[in-house]
Amino acid sequence: FVDCITNNGERKIEIFAADLNPENLIQGLFKKMRKVSPFTSKNYINDIISICKKDKIDIFWARNEIDTLLVNEFMGEFEEIGTKVMVAGSSKNLGITNNKGSFCKFFKKNSIPCAKFQVVNNFTSLKKSILDFNYPGEKVIVKPTLSIGGRGTFVVSPTTYSTDKKIQEPMYSLESLEKIFSKIKEKTFPELIVMEYLPGTTYSVDVLSRNGKSIYIVPKIRLSGTASNTMIGKIDLNQNIIKYVSNVVKRFDFNYIQNYELKLNKNGEPIIFDINPRGGASVAFCKAAGVNLPYFAIKMALKEKFPEKLQIKNNLKMIRGFKEYYE
């Protein structure tokens with residue numbers, strides 16, 4: 001992601017990063033590293049604004065779900081100090097897409113193809129819902145309605161080992177799930193969504209859009225990885241997926257970059273199971289395919305022109321490796 005921004009072929013860009021513990025950040029990647037309060041603190045957004053003012057930041061990119069919801073309330077403060085804010089959409093729409101139960105209900109209400117689902121708030125309802133989805137004859141997905149990057153996702157299956165060696169998914173039997181959740185008191189029980197298991201190909205789709213109109217849609221098959229992370233992927237300009245995702249972007253009137261996680265159902269139809277109001281973990285893949293989405297988004301924020309009809313390299317394959325940094 002940093003490489004997409006800094007190696008843009010046009011201008012020098014300095015990136016400032018912030019963290020609860022700045023020592024967690026790689027010094028060589030950033031101009032400066034700043035410390036912020038926990039996002040649960042009222043001081044968190046004030047810390048961000050203070051950094052932008054002190055360091056004369058041109059653009060603040062709200063890169064995670066917490067930031068996207070918070071910054072809409074403080075747009076005036078950012079404008080006063082001359083910092084442009086990159087956030088995908090309105091508080092209302094982000095409130096829907098950041099909650100898996102909410103966006104599934106929205107899809108159903110607006111006749112957008114969606115997985116079968118139920119939202120539950122206690123173990124009795126959880127167990128009933130799993131059985132309603134034909135367990136143990138069928139696998140079932142259980143996850144928190146509020147989570148980031150696939151955290152807390154369970155695949156409920158009578159076979160507790162993955163039969164797919166390429167996409168690793170955490171498998172749990174109903175009995176093992178019962179040991180985890182049955183001890184939680186109803187007052188503290190997390191809101192969960194129970195969903196039908198989608199058996200088909202997994203896609204991660206990055207989008208650049210302006211006022212709900214998609215400029216670039218880049219579908220990538222997840223050939224290998226986890227339920228939320230691509231280690232080996234391939235560009236697949238599947239027109240059914242492009243049309244489906246374009247409709248969702250339009251419904252939410254989104255700007256800048258978003259990422260949509262989806263799988264094909266039993267009938268080969270694409271079904272979105274997660275919406276991220278930011279680029280996906282493999283957004284750098286888009287640059288290699290011919291469209292530098294992170295840098296184009298920055299130019300959009302600066303109201304600069306950028307190419308909007310570039311050819312995307314179909315069938316390009318990505319194999320993710322790792323690099324060490326030394327300080």
Side-chain angles (χ1 to χ4, degrees), residues 1-17 25-26 28-31 57-64 67-68 84-88 149 202-210 213-226 228-239 241-242 245-246 249 254-262 274-325:
F1 180 77
V2 169
D3 179 72
C4 289
I5 294 173
T6 54
N7 292 329
N8 57 69
E10 188 175 67
R11 55 154 63 92
K12 182 181 179 181
I13 294 181
E14 295 176 338
I15 302 178
F16 288 64
L25 301 171
I26 301 167
L29 291 180
F30 306 109
K31 172 71 175 178
I57 300 298
D58 295 294
I59 298 172
F60 171 60
W61 194 332
R63 278 277 298 159
N64 62 53
D67 285 344
T68 59
K84 293 179 173 62
V85 175
M86 293 173 61
V87 62
T202 304
Y203 283 82
S204 176
V205 184
D206 284 316
V207 176
L208 179 71
S209 64
R210 183 192 291 115
K213 183 179 179 181
S214 298
I215 300 169
Y216 291 110
I217 297 179
V218 188
K220 300 159 290 179
I221 296 176
R222 186 168 292 151
L223 297 173
S224 178
T226 66
S228 64
N229 201 358
T230 303
M231 295 305 292
I232 300 177
K234 186 176 78 171
I235 302 292
D236 178 26
L237 301 180
N238 183 310
Q239 291 304 307
I241 289 174
I242 290 172
V245 171
S246 177
V249 175
F254 274 151
N255 290 296
Y256 304 116
I257 294 180
Q258 316 100 55
N259 172 262
Y260 301 83
E261 303 278 351
L262 59 87
D274 206 0
I275 300 176
N276 303 301
R278 50 177 169 76
S282 58
V283 70
F285 193 3
C286 299
K287 179 189 175 188
V291 286
N292 189 348
L293 301 192
Y295 183 59
F296 291 169
I298 287 172
K299 287 179 72 69
M300 187 188 296
L302 296 171
K303 300 192 182 320
E304 296 178 358
K305 291 183 178 180
F306 60 90
E308 298 190 16
K309 295 183 179 180
L310 292 175
Q311 184 94 27
I312 298 170
K313 299 175 186 176
N314 201 14
N315 297 314
L316 181 70
K317 186 178 179 182
M318 174 196 78
I319 301 173
R320 172 173 281 173
F322 296 91
K323 181 178 179 179
E324 287 71 37
Y325 288 85

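Fair warning: this is a prediction, and the values are worked out from it, not measured in the lab.
Within a 6.0 Å radius of CD in E304, more than 12 heavy atoms belonging to other residues, nucleotides or ligands are found. Around atom NZ of K84, no more than 12 heavy atoms belonging to other residues, nucleotides or ligands sit under 6.0 Å away.
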- prompt: Would I15 and L29 satisfy side-chain contact (heavy atoms from CB on, under 4.5 Å), going step by step from the backbone distance to the final call?
  reply: CA-CA 8 Å; I15 302 178; L29 291 180; over 6 Å; no
message: Before you tell me yes or no, could you show the steps for F285 and V218 under side-chain contact (heavy atoms from CB on, under 4.5 Å), namely the whole-Å CA-CA distance, both residues' side-chain angles and the distance that decides it to 0.1 Å?
response: CA-CA 9 Å; F285 193 3; V218 188; over 6 Å; no
message: Please determine whether side-chain contact (heavy atoms from CB on, under 4.5 Å) holds for the pair N292 and C286, giving the CA-CA distance in whole Å, both sets of side-chain angles, and the decisive distance to 0.1 Å.
response: CA-CA 6 Å; N292 189 348; C286 299; over 6 Å; no
task: Could you check I232 against K317 for side-chain contact (heavy atoms from CB on, under 4.5 Å), going step by step and ending with a plain yes or no?
output: CA-CA 7 Å; I232 300 177; K317 186 178 179 182; 3.6 Å; yes
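Under a 3.5 Å cut-off, the side chain of N8 and the backbone N or O of I5 do form a donor-acceptor pair. Judged by distance alone, the side chain of Q258 and the main-chain N or O of N255 form a donor-acceptor pair under 3.5 Å. Without hydrogens or angle criteria, Y256 side chain to P277 main chain gives no donor-acceptor distance under 3.5 Å.
Atom CE of M300 is separated from atom CD1 of I257 by 8.5 Å, given to the nearest 0.5 angstrom. One distance of note links OH of Y203 with CG of N238; it measures 4.5 Å at 0.5 Å rounding. Remark: D236 CG to I312 CD1 distance equals 11.5 Å, nearest 0.5 Å. Atom CG of residue D3 and atom NZ of residue K323 lie 8.5 Å apart, to the nearest 0.5 angstrom. I235 contributes atom CD1, which lies 9.5 Å from atom CD1 of I221 (distance to the nearest 0.5 angstrom). In this structure, S204 OG and E261 CD are separated by 4.5 Å, a value rounded to the nearest 0.5 Å.
Here the side chains of K234 and N315 are in contact, with some heavy-atom distance below 4.5 Å. No side-chain heavy atom of D206 sits under 4.5 Å from any side-chain heavy atom of Y216. Between Y260 and V207 there is a side-chain heavy-atom pair separated by less than 4.5 Å. At least one side-chain heavy atom of L302 sits under 4.5 Å from a side-chain heavy atom of I59. Residues T6 and F30 have side chains not in contact (no heavy-atom distance under 4.5 Å, counting atoms from C-beta outward). Counting heavy atoms from C-beta outward, L237 and P219 have side chains that approach closer than 4.5 Å. Side-chain contact between S209 and I215 is absent, with no heavy-atom pair separated by less than 4.5 Å. Residues S214 and F254 fail the side-chain proximity criterion, which asks for heavy atoms closer than 4.5 Å.
A salt bridge does not link D67 with R278: none of the charged nitrogens is closer than 4.0 Å to a carboxylate oxygen.
Ring pair W61/F1 is perpendicular by interplanar angle, where above 60° counts as perpendicular and below 30° as parallel.
The two residues R320 and A281 have their closest heavy-atom pair at NH2-O, 2.7 Å. Summarising the geometry of A17 relative to L25, their closest heavy-atom pair is CB-CD1, 3.7 Å, with the distance given to 0.1 Å.
I217 pairs with exactly one of V249, I241, I242 by the side-chain contact (heavy atoms from CB on, under 4.5 Å) rule, that one being I242.
Between the side chains of Y295 and E10, at least one donor-acceptor pair of N or O atoms lies under 3.5 Å. For the residue pair T230/K220, the side-chain donor-acceptor check at 3.5 Å is not satisfied.
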